[in-house]
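Note sheet for the following structure.
Residues take their numbers from the sequence shown, with the count starting at 1.
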Amino acid sequence: VYADAINTENPNSTATIGKISAYKVMDFALSYKLSTKYILKGAINNITNEQYATRRATGYPGPGIMPGNGRTLSFTIGVKL
């Protein structure tokens, strides 16, 4: 992916243009129904904790490359009322 319309390969000094490297991210999600009333859900995003960039920013939070999220975990308990 390129950050500008003319597909500039090399980033400039403020890292607002240039090529963004390819990346692979693995996620895992699981849900388990305890009964008709309760459900448990869990997920792990970016299992391998891959370091990657999603885009280049020119404004807030400042010019440069925006890093992707690291490994994140979530857990949910659902109750049907």
Give the minimum heavy-atom separation between Gly70 and Asn49, together with the two atoms involved. CA-OD1, 3.4 Å
Which of these, Asn45, Ile44, Val25, sits in a side chain to side chain contact (heavy atoms under 4.5 Å, CB included) with Arg71? Ile44
Any side-chain to backbone donor/acceptor pair from Asp27 onto Asn46? Under 3.5 Å, distance only. yes
To the nearest 0.5 Å, how far apart are OG1 in Thr76 and CD1 in Ile39? 9.5 Å
Determine whether more than 12 heavy atoms belonging to other residues, nucleotides or ligands lie under 6.0 Å from atom OH of Tyr32. no
Heavy-atom side-chain contact between Tyr38 and Leu40 under 4.5 Å: no
Drop me the distance from Glu9's CD to Lys19's NZ, to the nearest 0.5 angstrom. 5.0 Å
Could you give the distance from CD (Glu50) to CE (Met26), rounded to the nearest 0.5 Å? 9.0 Å
Any sub-3.5 Å donor-acceptor pair from Thr8's side-chain atoms to Asn10's backbone N or O? no
Transitive ILVMFWY side-chain link Phe75 to Phe28, under 4.5 Å: no
Looking at every heavy atom in both Ile20 and Ala53, which two are closest together, and how far apart are they? CG2-O, 3.5 Å
Between the CD atom in Gln51 and the OG atom in Ser21, the distance rounded to the nearest 0.5 Å is 12.5 Å
Distance in Å, Lys41 NZ paired with Leu30 CG, rounded so as to fall on 0.5 Å steps: 11.0 Å
